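Source: prediction; values computed, not measured.
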Amino acid sequence: MPELPEVEVVRRGLQGPLAGLGLRRVERLRADLRYPLPDMDAALAGRRLAAVRRRAKYLLFDFGETWLAWHLGMTGQFHVLPAVAPAGPHEHVRLLFEGGVSLRYRDARRFGYAGILPARGWTEHPWFAGLGPEPLEPGFSPATLERAFASRRAPVKQALMDARVVVGVGNIYACEALFRARIHPARPACRIGRARIGRLHAAVVAVLSEAIEAGGSSISDFLRADGRPGYFAHAFRVYGRAGAPCVDCGRLIRRIVQAGRATFYCPHCQR
DNA sequence: CTGAAGACCTGCCTGC
DNA sequence: TGCAGGCAGGTCTTCA
């Protein structure tokens, strides 16, 4: 499901209803998702949720000294529901807060995963230690892209999706950003000049910001925590549009496969 | 070191 | 209608 905009939209949807609440109990409806689930009840019951944060595509539930990190994988969803609400399909974990509020985790494919981290030093955890800058923070600049691309012969699309270069850019937004920057997705990263790197940086920032503003992209099963869909999918210019006319030049959008992932681009506009 | 491919798992869509 | 096949937004591991 989610790239950075979707995770950020989920974060904002959870922060309002949950921040400040004490956690009573955690129920696991199965022992593992992608990895074995930690004993969240032992680690967190009785603690108060200070805030819901985000790093890359991970949600970080700040319970003071102890944090809960959660990755949604492809199909993970969080829903805030009354504690008495019946379990939805593929519901695997329930966090029961005070006031009859519960947070439910649903995940059809079970690619998601969760871990308990100490608040001090969480950035050293293997999930976070090697990550590149956040794309919407000052640490991400044309200069950081230029450095990261300099030694890379891989196609620029794969370099852009590499979390060591910049976090949060997945398959959809990589395609969209490259279209906006008019760069061919198969061009080797090291063969992109400074001017085009500047355009690509601006395109990444713009497309992610617009997607967050639109509430994320609901392609198949992304839903916000309140159950509403996001609307950015209507704004895709190339993703999922193989055979349809380019919004700029009218020629047909093409689909290729790079490193096992579908790539959509305009062969006329992108060079 | 880099890069490509496979694996994880289920649901949904297409086409026969 | 039924079923096989292909496809899906992310990451991690393995292999060349």
Side-chain angles (χ1 to χ4, degrees), chain A residues 1-10 29-37 54-59 69-78 88-92 105-115 125-132 135 147-178 185-191 204 207-208 211-212 214-224 229-243 255-264:
Chain A
M1 133 169 114
E3 300 184 31
L4 184 143
E6 290 72 38
V7 179
E8 177 60 21
V9 168
V10 169
L29 282 61
R30 60 178 302 130
D32 50 55
L33 297 171
R34 177 174 180 169
Y35 308 120
L37 282 167
R54 179 189 59 74
R55 171 72 170 118
K57 297 169 189 166
Y58 293 85
L59 288 165
W70 208 304
H71 197 293
L72 299 172
M74 298 268 243
T75 50
Q77 299 179 346
F78 276 115
H90 305 295
E91 186 170 305
H92 305 307
Y105 181 71
R106 292 160 58 166
D107 190 344
R109 283 170 81 177
R110 304 205 302 276
F111 281 4
Y113 48 100
H125 187 280
W127 292 348
F128 302 99
L131 293 182
R147 273 196 299 276
F149 284 2
S151 61
R152 296 222 167 205
R153 263 169 294 184
V156 60
K157 186 206 174 207
Q158 280 145 258
L160 194 57
M161 290 174 63
D162 186 334
R164 293 168 298 183
V165 174
V166 59
V167 302
V169 183
N171 202 39
I172 293 177
Y173 297 111
C175 292
E176 293 295 316
L178 287 164
R187 175 175 286 268
C190 59
R191 291 193 43 240
V204 167
V207 74
L208 295 178
I212 291 171
S217 305
S218 291
I219 295 203
S220 59
D221 51 13
F222 169 69
L223 291 175
R224 299 188 253 187
Y231 296 101
F232 192 71
H234 302 293
F236 290 165
R237 299 184 193 170
V238 288
Y239 187 82
R241 298 190 65 243
R255 178 187 188 273
I256 59 174
V257 174
Q258 295 180 283
R261 312 297 296 276
T263 299
F264 300 87

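- Nucleic acid contact for A:Y113: sugar-phosphate only, since backbone atoms but no base atoms lie under 4.0 Å from a heavy atom of the residue.
- Here B:dC9 presents its C1' atom at 16 Å from CG of A:L72, a figure rounded to the nearest Å.
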Its dot-bracket string being built from Watson-Crick and G-U pairs below 3.5 Å, with | for another strand and [ ] for crossing, DNA chain B has the pattern .|||||||.|||||||

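- Using a 4.5 Å heavy-atom cutoff, the side chains of A:T75 and A:R110 are not in contact.
- Look at the P atom in both B:dC9 and C:dC3: the space between them is 24 Å, to the nearest Å.
- Closest contact between the side chain of A:H90 and the listed nucleotides C:dG10, B:dG11, C:dC12 involves B:dG11.
- Relative to the side chain of A:R255, the nucleotides C:dG10, C:dC7, C:dC12 differ in distance, and C:dC7 lies closest.
- Using a 30° and 60° split on the angle between ring planes, A:H234 and A:Y231 fall in the parallel class, below 30°.
- At whole-Å resolution of the value, OH in A:Y173 and P in C:dA8 are 16 Å apart.
- Heavy atoms of A:A163 sit nowhere under 4.0 angstrom from any nucleic acid atom.
- Ring planes of A:H71 and A:Y113: parallel class, angle under 30° (limits at 30 and 60°).
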Could you list all N or O pairs between the protein and nucleotides 3-7 of chain B that sit under 3.5 Å apart?
unit_1, atom_1, unit_2, atom_2, d
B:dG3, OP1, A:R153, N, 2.9
B:dG3, OP1, A:A154, N, 2.6
B:dG3, OP2, A:R152, NH1, 3.2
B:dA4, OP2, A:Q158, NE2, 2.5

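- Taking the charged nitrogens against the carboxylate oxygens, A:R34 and A:D32 have no contact shorter than 4.0 Å, which rules out a salt bridge.
- By the 30° and 60° cut-offs, the orientation of the rings of A:W127 relative to A:Y35 is parallel.
- Taking CZ of A:F111 as the start and CG of A:L72 as the end, the distance is 13.5 Å to the nearest 0.5 Å.
- Picking from C:dG10, C:dC12, B:dC9 the nucleotide with the shortest atom distance to the side chain of A:R110 gives B:dC9.
- A:F111 qualifies as a stacking partner of the B:dC8 base, centre to centre under 5.5 Å and near-parallel within 30°.
- Distances were taken from every side-chain heavy atom of A:H71 (C-beta onward) to each of B:dG11, C:dC12, C:dG10; the shortest belongs to C:dG10.
- At whole-Å resolution of the value, CZ in A:R106 and C1' in B:dG11 are 13 Å apart.
- Heavy-atom contacts from other residues, nucleotides or ligands closer than 6.0 Å to CZ of A:R30 number more than 12.
- Between the CZ atom of A:R109 and the C1' atom of B:dT10 there is a distance of 7 Å, rounded to whole Å.
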